[in-house]
Amino acid sequence: MICSVRVKPIDVDFQPSIFMNQASCDSQITSKEDNTEVSDFILLGLTNAPELQIPLFVIFILIYLITLLGNLGMITLILLDSRLHTPMYFFLSNLSLVDFCYSSTVTPKVMAGLLIGDKVVSYNACAAQMFFFAVFATVENYLLASMAYDRYIAVCKPLHYATTMTTGVCAHLTIVSYACGILNASVNVVDTFSLSFCMSNVVHCFFCDIPAVMALSCSDKHISELILVFISSFNVFFALFVIFISYMFIFITILKIQSGEGYQKALSTCASHLVTVSLFYGTVIVMYLQPSSHHSMDTDKISSVFYTMVIPMLNSVVYSLRDKEVKNAFKKVAEKAKYSLGVVYK
């Protein structure tokens, strides 16, 4: 639920910015004045300025490759190194999987639009993209809350960590995260596509985001919008509440630690997760807690790019650079690979 939507009548004198070059889409926009249902949608995309499309494509393909290598590499490291078979890294492997899927839901279509101008998406493909994006965004939201609870137990109740964060507890928290994601996506996507679309088919976003598609409906969407706001608010604020309470107790415990070594160890235990939480929810807060008068479609699209494509890349980078266990595991795997190559060439 990212791109802000402020639909207004098209004015022939309107001068769009580099992100909103409407003229090049005019030949694709389907007239719906005869009240026929739409069969496909046109994604307005990031830009239609020819001089920007190739540079942006190169930037996004680099981001996507780093995202794939970083997250799939993280999952592989955790699977291969037995020292990482702990609750914390179990959640991290799931977070990496979600980030990989999350980015793959949006980025390839954006790159296709930049490279070959393919901005048409079918009705069913739009619903599928919307569904999977909502699933993975919600799962990430609850996984971050589960990881905060895990850090709370590790710092505040270290003697009970092994008996509290058992394999069963970790599995249940992860399953609940995925179940909430599927339930949230199912309700919102079914609700959105139960509406009638007989007006414009131009989605003012670079992917099929729920608010952007819902804004195109010619049905009464008041109830649908209330459902979307209620469910989204519950998901975000419940997860933030768990994270806030967990870190409140964590910081209280850290302040009571007398030794400098114990203080540093407790901080390093939470540092990577705290950075990841700040990136994820910081963008949400910037997007949604500003007055609507301070928003513009260009700045919202930039924020949306950060949220949907950059953060999935940064999460793996943050854990790779800040987590000592991950760095040690990487060195171990690299040494094994180097040794294996040396044996082969001998």
Side-chain angles (χ1 to χ4, degrees), residues 1-11 19-20 22 25-46 101-102 105-106 108-110 112-113 118-139 141 179-237 284 287-288 292 295-297 300-301 303-304 307-308:
M1 289 67 78
I2 306 300
C3 292
S4 297
V5 179
R6 282 172 294 280
V7 181
K8 59 183 180 180
I10 297 175
D11 187 343
F19 287 97
M20 297 288 292
Q22 180 69 34
C25 289
D26 287 346
S27 61
Q28 303 178 69
I29 297 173
T30 308
S31 175
K32 299 297 170 188
E33 293 181 0
D34 58 353
N35 290 330
T36 57
E37 287 286 330
V38 301
S39 59
D40 51 39
F41 294 96
I42 309 296
L43 300 175
L44 206 56
L46 289 170
C101 298
Y102 185 31
T105 301
V106 175
K109 185 63 179 177
V110 174
D118 180 15
K119 297 182 180 180
V120 179
V121 57
S122 69
Y123 188 91
N124 291 334
C126 185
Q129 186 186 53
M130 184 185 294
F131 176 81
F132 287 112
F133 177 79
V135 167
F136 296 124
T138 308
V139 173
N141 177 65
C180 288
I182 293 170
L183 180 62
N184 172 57
S186 299
V187 170
N188 283 313
V189 172
V190 169
D191 187 45
T192 300
F193 282 90
S194 65
L195 301 172
S196 297
F197 297 94
C198 52
M199 298 170 66
S200 172
N201 65 338
V202 180
V203 180
H204 286 247
C205 195
F206 53 88
F207 69 103
C208 286
D209 195 18
I210 295 173
V213 174
M214 192 179 289
L216 304 180
S217 173
C218 52
S219 305
D220 181 5
K221 49 187 177 284
H222 180 67
I223 300 299
S224 297
E225 289 172 342
L226 287 177
I227 292 171
L228 174 63
V229 170
F230 175 78
I231 294 177
S232 301
S233 300
F234 175 81
N235 288 331
V236 171
F237 286 110
V284 173
M287 282 292 298
Y288 291 106
S292 58
H295 280 261
S296 71
M297 280 194 173
D300 285 349
K301 282 192 175 186
S303 298
S304 300
Y307 187 91
T308 56

Pair Ser122, Asp40 - check side chain to side chain donor-acceptor pair (under 3.5 Å), show working. CA-CA 4 Å; Ser122 69; Asp40 51 39; over 6 Å; no

Within this structure, what is the CD-OG distance for the pair Glu225 and Ser217, rounded to the nearest 0.5 Å? 9.0 Å

Can you tell me how far apart CD1 (Ile182) and CZ (Phe132) are? Round to the nearest 0.5 Å. 9.0 Å

Can you list the residues that meet the salt bridge (Lys or Arg N to Asp or Glu O under 4.0 Å) rule with Lys109, with sequence neighbours excluded? Asp118

Could you tell me if the ring centre of Phe41 sits under 6.0 Å from that of Phe197? yes

First locate atom CG of Asn188, then atom CG of Leu183, and finally report the distance between them rounded to the nearest 0.5 Å. 9.5 Å

Is any side-chain heavy atom of Val106 closer than 4.5 Å to a side-chain heavy atom of Phe206? yes

Side-chain touch Cys208/Val121, heavy atoms, less than 4.5 angstrom: yes

Between Phe207 and Cys126, does the side chain to side chain contact (heavy atoms under 4.5 Å, CB included) criterion hold? Intermediate values first, please. CA-CA 8 Å; Phe207 69 103; Cys126 185; over 6 Å; no

Please report the shortest heavy-atom distance between Ser224 and Leu195, naming the atom on each side. OG-CD2, 3.7 Å

Return yes if some donor-acceptor pair links the side-chain N/O of Asn235 with the main-chain N/O of Thr138 below 3.5 Å, else return no. no

Can you tell me if Asn184 uses its side chain to pair, donor with acceptor, with the backbone of Ser186 under 3.5 Å? no

Using 0.5 Å steps for rounding, measure from the NE2 atom of His204 to the CG atom of Leu43. 11.5 Å

To the nearest 0.5 Å, how far apart are CD1 in Ile42 and OG in Ser200? 9.0 Å

Looking only at non-hydrogen atoms, find the nearest pair between Val139 and Gly181 and report the distance. CG2-CA, 4.1 Å

What's the shortest heavy-atom distance between Val203 and Ala212, and which atoms? CG1-CB, 3.7 Å

Does Met130 reach the side chain of Asp209, with side-chain heavy atoms less than 4.5 Å apart? no

Say you draw a straight line from SG of Cys205 to CG of Leu44; how long is it, rounded to the nearest 0.5 Å? 9.0 Å

Does the Gln129 side chain pair with the main chain of Thr105, one donor and one acceptor, at a distance under 3.5 Å? yes

Are side-chain heavy atoms of Leu228 and Ile210 found at a separation under 4.5 Å? yes

Work out which heavy atom in Ala137 is nearest to a heavy atom in Tyr102; give both atom names and the distance. CB-CE1, 4.1 Å

